[in-house]
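Here is the structure we will look at.
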Amino acid sequence: MTVTIPDLHTRSRWLRAFKPVVRPRCRLVCAPHAGGTAQAYRTWPTGLPADVEVLGVQYPGRQDRLGEPVPAFMDDLVGPVADAVEPFLGEPLALFGHSMGAVVAYEVTLELERRHGQVVDLLAVSGSRAPHHREEHERHELDDAALIEELRRLNDDFSDLLDSPELLDLVLPAIRADFGVVARYLRTPPVPVRAPLLALGGSSDPDVAAEDLTHWRACAGGAFGTRVLAGGHFYLADEGPVLDVLAPWLPHRRSTAHRAS
């Protein structure tokens, strides 16, 4: 079913496919950053093999889900996303998440493994500290002006959006709510996932250093790798290098070995 956002097709209330693929050799489910939407991944299908279907997670409280309550806790996201992914189990499946989406993808992987065993073939996390090495941030408690300045610090490319009062009125509630979800989240001790785990980050990320990425090793029960790419917290806006690193890790079939790039 086509919705009002161009080139976006629903797989459920929670998943959007930009280029549906018949019998894909792999599905890649991507969770966005705080305040983000499924459209953060709208161009990824053009940079990956044609038989990889990219599904973006659409959190409530934004775009076509604007009228729904924003999430307050990680569990508000994890259970429903796991439910939405379940129809694809038994076929090659990878999960990717950036910033807040990294811990969403991690927790969804854990939840799917709790329910079904190893059903995820790859977990890729990006721009995030590990679940047991969280840094205390109370961004959700900042007033609007301070929150806007924090967003500029993370990504100056947001300037056009941040200078538009009409857009800010639409997006700030979701951003604030998502920052609250992040602030309330901590998992200690970490629980390793059975899936191979790849941790990515930007070389000049102000909040997540290369050393922080290595802490994800405690969350990996099997293969583990890290890659640091040029850029800041939103380094993946230049998607080419990210997809070049990610593509060799994507599964073809469950018996295919994963390898680092």
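Just so you know, these numbers use all the heavy atoms, side chains as well, and skip hydrogens, waters and symmetry mates. Residues: numbered from 1 along the sequence shown.
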Stepwise side chain to side chain contact (heavy atoms under 4.5 Å, CB included) test for Val228 and Leu213: CA-CA 9 Å; Val228 177; Leu213 297 177; 4.0 Å; yes
Working for side chain to side chain contact (heavy atoms under 4.5 Å, CB included), residues His252 and Cys26: CA-CA 6 Å; His252 287 266; Cys26 169; over 6 Å; no
Trace of the side chain to side chain donor-acceptor pair (under 3.5 Å) decision for His98 with Ser126: CA-CA 4 Å; His98 178 68; Ser126 166; 2.7 Å; yes
Worked check of side chain to side chain contact (heavy atoms under 4.5 Å, CB included) between Asp121 and Trp249: CA-CA 9 Å; Asp121 297 283; Trp249 284 72; over 6 Å; no
Check against side chain to side chain contact (heavy atoms under 4.5 Å, CB included), Tyr59 and Thr37: CA-CA 7 Å; Tyr59 304 141; Thr37 70; over 6 Å; no
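From Thr214, atom OG1 reaches atom NE2 of His133 across 8.0 Å, with rounding to the nearest 0.5 Å. Rounding to the nearest 0.5 Å gives a distance of 12.5 Å between CG of Leu186 and CZ of Arg129. Here the CH2 atom belonging to Trp44 is positioned 3.5 Å from the CZ atom belonging to Phe96, to the nearest 0.5 angstrom. Atoms OH and CG, on Tyr41 and Leu28 in that order, are 9.0 Å from each other to the nearest 0.5 Å. Between the CG atom in Leu236 and the NE2 atom in His33 there is a gap of 9.0 Å [rounded to 0.5 Å]. Between Leu93 atom CG and Thr109 atom OG1 the span is 8.0 Å, to the nearest 0.5 Å.
By the 4.5 Å heavy-atom criterion applied to side chains, Pro192 and Cys219 are not counted as neighbours. Taking the side chain as every heavy atom from C-beta outward, Leu77 and Met100 approach each other to under 4.5 Å. In this structure the side chain of Arg134 reaches within 4.5 angstrom of the side chain of Val182, judged on heavy atoms.
Between Asp83 and Arg115 there is a salt bridge, since at least one side-chain N of the basic residue sits less than 4.0 Å from a carboxylate O of the acidic one. Using a 4.0 Å cut-off between charged nitrogen and carboxylate oxygen, Arg13 and Glu68 count as a salt-bridge pair. Asp51 has no carboxylate O lying under 4.0 Å from a charged side-chain N of Arg27, or vice versa, which leaves the two without a salt bridge. We find that Glu107 and Arg187 are joined by a salt bridge, their nearest charged nitrogen and carboxylate oxygen being less than 4.0 Å apart.
In this model, no donor atom of one side chain and acceptor atom of the other lie less than 3.5 Å apart for Gln118 and Glu113.
Across every non-hydrogen atom of Pro32 and Val57, the tightest pair is CD-O, 3.4 Å.
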Taking only distance into account, with no hydrogens and no angle test, what donor-acceptor pairs under 3.5 Å do side-chain atoms of residues 195-204 form with protein atoms, sequence neighbours excluded?
residue	atom	partner	partner atom	Å
Ser203	OG	Gly231	N	3.3
Ser204	OG	Gly231	O	2.9
Ser204	OG	Gly232	N	3.4

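Formation of a donor-acceptor pair under 3.5 Å by the Trp216 side chain with backbone atoms of Ser128 is found in this model. Within the 3.5 Å criterion, the main-chain N or O of Pro251 finds a donor-acceptor partner in the side chain of Arg25. Checking side-chain atoms of Arg65 against main-chain N and O of Gln58 turns up a donor-acceptor pair under 3.5 Å. With hydrogens and angles ignored, the 3.5 Å screen pairs no side-chain donor or acceptor of Glu111 with any backbone N or O of Gly79. A donor-acceptor pair is defined here as one N or O able to donate and one able to accept, closer than 3.5 Å; such a pair exists between the side chain of Arg62 and the backbone of Pro60.
Under the side chain to side chain donor-acceptor pair (under 3.5 Å) criterion, His116 pairs with Glu86, sequence neighbours left out.
The cationic group of Arg184 lies under 6.0 Å from the six-membered ring centre of Phe73 and within 45° of the ring axis, placing it in a cation-pi geometry.
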